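Computed from heavy atoms alone, side chains included, the values below leave out hydrogens, waters and symmetry copies. Computed from a prediction, not measured in an experiment: that's the story for all the values here. Just so we're on the same page: letters track the sequence lines, and every chain starts at 1.
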Number of protein chains: 2
Amino acid sequence: MGLTKTEMFTDLQNEISLFAKVLGHPARVAILQHLFKIDTCVCGDLVNEIGLAQPTISQHLKELKQLGLIKGNIEGTSVCYCINTENWTKMKEIMSQFLNLDILKKEDCC
Amino acid sequence: MGLTKTEMFTDLQNEISLFAKVLGHPARVAILQHLFKIDTCVCGDLVNEIGLAQPTISQHLKELKQLGLIKGNIEGTSVCYCINTENWTKMKEIMSQFLNLDILKKEDCC
DNA sequence: TTAATATATTGCAATATTACGATAAATATT
DNA sequence: AATATTTATCGTAATATTGCAATATATTAA
């Protein structure tokens, strides 16, 4: 089937998994790390930075943009990509709340 | 192709994406949340708790176990699953470090 | 206008993921 | 031993993901 049955889960569960999913590819992790590292707009040198073909990078950028984690502004013939810090913070809060479930836990049971 | 080119990325990038990937399905998120919530072993009532078929749950549990996020102890005819808190903490640290890349960032550029 | 440059989209092949019925394996109960 | 119970594995169908060549689109430069 390959089709996730989202209707049986809560909005939060689906939201967490969607964010996790988009971070679930090393190319997208690398893109985000690079955008943070240069701390400014990157105008398309991601194809050189990462070793994948231009259409592949473009596709990964599209997925990151769809989730709102990055934004792209057209600057002449190239596109200026950067982190959407506001949305990143929201994502981070949702993910952190989930990751921190262990702080309420008393002890291992088995 | 469907095949990720892991060899072009760093170990950390691959590790982050693997953790994110296993969290990238709402059923696995729900399983983890439930294991945290009951704060004790759960012996197979996950199938009732979540609405998916038994083999499907079993498969998701296998993936979580492979990444080390949960452990399962056989107790008679059932299996006692619970969070592997030690590994969860390690995972949380790796993911948090990545998610916190924004705190070094000065300002949005575009 | 024409050519050059940069990015997006399309189409497709290969592989991965999701889900579940059927069945196996392992232990408990009678 | 025979049966019941619980979980794992196998097999398979449907869908998703990844990657890239070819091509389209859009802007800039000549």
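The residue from B:D11, B:L12, B:N14 that alone fulfils the side chain to side chain contact (heavy atoms under 4.5 Å, CB included) condition with A:P26 is B:N14.
Nearest heavy-atom pair across B:K71 and B:I83 is CE-O, 4.0 Å. Shown here for A:W88 and B:F98, the closest heavy-atom pair between the two residues is CZ2-O, 3.8 Å.
The distance between atom CG of B:L64 and atom P of D:dA8, rounded to the nearest whole Å, is 12 Å. Regarding B:Y81, its OH atom lies at a distance of 8 Å from the P atom of D:dT7, rounded to whole Å.
Near DNA chain D, meaning a heavy atom under 4.0 Å from it, residues 50-59 of chain B has B:Q54, B:P55, B:S58 in order of number.
Atom CG of A:L18 sits about 11.0 Å away from atom CD of A:Q66, to the nearest 0.5 Å. Here CD1 of A:I16 is found 15.0 Å from NZ of A:K21. Values are rounded to the nearest 0.5 Å. Within the model, atoms NE2 of A:H34 and CG of B:L101 stand 13.0 Å from one another, a figure rounded to the nearest 0.5 Å.
Judged by distance alone, with hydrogens and angles left aside, A:T77 brings no side-chain donor or acceptor close enough to the base of D:dT28 to form a pair under 3.5 Å.
You'll find the side chain of A:H25 reaches within 4.5 Å of the side chain of A:H60, heavy atoms only.
Between chain B and DNA chain C, the heavy-atom contact criterion of under 4.0 Å yields a 5' to 3' nucleotide range of C:dA13 to C:dA28.
Along DNA chain D, the nucleotide nearest to A:R28 and the one nearest to A:L3 differ in position, and the one closer to the 5' end is contacted by A:L3. Summary of the strand contacts: A:E63 and A:G76 both lie near DNA chain D, and taking for each the nucleotide with the nearest heavy atom, the more 5' one is attributed to A:E63.
Other residues, nucleotides and ligands contribute at most 12 non-hydrogen atoms within 6.0 Å of the CD1 atom of A:I74.
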